[in-house]
Protein chains: 2
Amino acid sequence: MSATMMDIARDLKVSVVTVSKVLRNQGRISEATRKRVLRRAKQLNYQTNWVARSLVTQRTYTIGLLLPAMTHPFFAEIARAVAQTVRPHGYHVIISCFEEDPELEASEAESLLSRRVDGLIIASSQLPCRLDLFKQVRERSVPYVLIDRQVAGLRASFVGVDNHAIGRLATEHLIARGCCRIGHLRGPEVRIAAERLEGYRQALAKRGLPARSCYVVPSGYRDEGGYAGMRQLLGLRPIPDGVFCYNDLVAIGAMKAILEAGLRLPHDIAVVGAGNVHFSDMLAVPLTTVDQGTREMGLRAAELLIERIASKRSMRPTRILIPPKLVERESTRRQP
Amino acid sequence: MSATMMDIARDLKVSVVTVSKVLRNQGRISEATRKRVLRRAKQLNYQTNWVARSLVTQRTYTIGLLLPAMTHPFFAEIARAVAQTVRPHGYHVIISCFEEDPELEASEAESLLSRRVDGLIIASSQLPCRLDLFKQVRERSVPYVLIDRQVAGLRASFVGVDNHAIGRLATEHLIARGCCRIGHLRGPEVRIAAERLEGYRQALAKRGLPARSCYVVPSGYRDEGGYAGMRQLLGLRPIPDGVFCYNDLVAIGAMKAILEAGLRLPHDIAVVGAGNVHFSDMLAVPLTTVDQGTREMGLRAAELLIERIASKRSMRPTRILIPPKLVERESTRRQP
DNA sequence: CGTTCTTGGGTTAACGTTTACTCATAAGCC
DNA sequence: GGCTTATGAGTAAACGTTAACCCAAGAACG
């Protein structure tokens, strides 16, 4: 199989500890033996056995990333940012997707702990908020950071975007573009969606526009839901002249419904999404969206986690809110 | 910290081995002690320490997935399929993205081996085909399966799609829809692209259509490249009336260029993509594409790998080619 | 020259499991 | 009742490292 330190030690007639010290650049070792060990290691193609090292150091240099989905561009982007951020620190990432299934989320979290990950980044399915899960995690004193989705009733470090601001920015933008009957495809029943909805309401109120409850339609978090939701909005009279969508995927579904109905985009209805996923500006009608700093979210969460792992003693929970930015494209570019 | 078998053993005044046997359901244990151990384990909230177990069993129940990118929907889908397939077998997946950087690919592979993954699934950056990397892998006799991208000169198990067939299907479909000046955005300089190009040529030849080399334009593998490539095609006279694009992302870029030029889709130019990524049918003009069975690719690769891991002795390399399927949508729906 | 450092290494014991044996005791059998 | 055979456990060693000490020999010093 693969060579061990013992092999090197035996060949060179030194102790394993000497080899270990050389390979870790630690302790006093004469230049001569250092060279010999290094040379033999290279010859044997030695590679650290991380399993053995982890057992004694109690550090696996692995973090777990618990995501609802990874085919969703938003989470894929997060995963990428996290992986890139922790790599320079020597960490690897085990990604576990629970496909929005809380049962699976719990069992995967357990499983990751069992593998002794050094820390966890979690975008929890917050549906039945599984505080017991987090009690478990805390009990084992494994540092963790929540990302994107907060969990009610849990004091924990969190990195996310300011969802109120997203709702406000998007809605204010629609108003500025002359829309006065603004609908909202409000996504699934999660806190994030509620916050964006709240931002939407605030913006309407601030401009003195009416908030008609039938203009707010649930839409899930994918395009299919956006398509269905938009068709529902199109059934109303008068139809909205602007729609703020929970996210870009929902917006894509919505735009499709709009175009299918023979309406002009953005002339008849303007659309704003949220998330600024990569292909949003490559659509037939490039999508105006609110960038939620996905990359930065992943990056900050990873940095925060690494910091927690490094400093033994538990620190106070930190909250980081990324300020969103409006990105204007064709889907709202019209005369007020 | 977390409870160990020793804790349980001490409490119950039995040996660790007894505990171990109970927890693994192995060896003869009386029902009475079995119950006692299980109860205490639950009380202490015991969880297998996989690091320790891995050290002695030489199995980590972790596989490495080496991908060029994970924000690309195609690879995200593969990652998902792989993870879902191996989970029931108790495996976790460490995903490592090398962002199309061969250096990073090599170092990540090494790093995964160092962590003693039980197997590897690799979509190699085949650019400078790093046979040395694979020699390494083989030397450690870690089973691996190549996915999507073959590596020239390497006899290894491979799961991919029949790329000639993709080129043929797409091109024949365009011909059947009445196109006679068929362009091709041929993607990056990789074997897959060459195979699709070959399929494209075969189809043209079979129908006696001319293969004009200026109609074949490189395009990278993302939408930006497709956009640029299509603009180049639009500069030709006569312009093509049909385009087969390396993949869906490229096709999206191409469609954008077409619409921007004021041409009608599919009336003036029909477009076929490849990959059938999730949002292809949610575009303004839903994209006709060739489904490459992405999910099945991931699934088959994972199954193959698990099989290899299970059967100690090395088996002969297997090649699995998934047959592609044409999915017709609006982007080619026109009268012949 | 005796004492104290420094240098370069070695010893021993973990880390938390599993594996391969061994060994009492009780049961079964003629 | 003496023999074999199940049964239910235990012992010792191993997996490949690292951590905490220890120690001999030479150097430095007064």
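Convention: sequence-line order gives letters A, B, ...; per-chain numbering from 1. Just so it is clear, the structure is predicted and the values come from calculations on it, not from any experiment.
With rounding to whole Å, Leu12(B) atom CG is found 15 Å from dG10(D) atom C1'. Rounded to whole Å, the distance from CZ on Arg10(B) to C1' on dG10(D) is 18 Å. The separation between Glu31(B) atom CD and dT7(D) atom C1' is 14 Å, rounded to whole Å. Here dG8(C) presents its C1' atom at 13 Å from CZ of Arg36(A), a figure rounded to the nearest Å.
A salt bridge between Arg222(B) and Glu100(B) is absent, with no side-chain N of the basic residue lying under 4.0 Å from a carboxylate O of the acidic one.
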side-chain contact (heavy atoms from CB on, under 4.5 Å) assessment of Cys97(A) paired with Glu108(A): CA-CA 8 Å; Cys97(A) 295; Glu108(A) 283 299 293; over 6 Å; no

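For the side chain to side chain contact (heavy atoms under 4.5 Å, CB included) test, residues two or more places apart in sequence or in another chain that qualify with Glu31(A) are Arg34(A), Lys35(A). Checked against side chain to side chain contact (heavy atoms under 4.5 Å, CB included), Ala83(A) has the following partners two or more places apart in sequence or in another chain: Val93(A), Met70(B).
At the phosphate of dG8(D), neither OP1 nor OP2 sits under 4.0 Å from any side-chain N or O atom of Thr33(B). Of the side-chain N and O atoms in Arg28(B), none sit less than 4.0 angstrom from OP1 or OP2 of dG8(D). Taking 4.0 angstrom as the limit, Ser30(A) places none of its side-chain polar atoms (N or O) nearer than this to OP1 or OP2 of dG8(C).
Within the nucleic acid shown, Val51(A) has no heavy atom closer than 4.0 Å to any nucleic acid atom.
Taking a 6.0 Å sphere around CZ of Arg24(B), one finds it holds more than 12 heavy atoms contributed by other residues, nucleotides or ligands.
Relative orientation of the Tyr61(B) and Trp50(B) rings is perpendicular, given thresholds of 30° and 60° on the angle between their planes.
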Listing time: all N or O pairs from protein to nucleotides 16-24 of chain D that are below 3.5 Å?
residue: dT17(D); atom: OP1; partner: Tyr46(A); partner atom: OH; Å: 2.7
residue: dT17(D); atom: OP2; partner: Met5(A); partner atom: N; Å: 2.8
residue: dT17(D); atom: O5'; partner: Tyr46(A); partner atom: OH; Å: 3.2
residue: dT18(D); atom: OP1; partner: Arg53(A); partner atom: NE; Å: 2.8
residue: dT18(D); atom: OP1; partner: Arg53(A); partner atom: NH2; Å: 2.9
residue: dT18(D); atom: OP2; partner: Ser20(A); partner atom: OG; Å: 2.3
residue: dA19(D); atom: OP2; partner: Arg24(A); partner atom: NH1; Å: 2.8

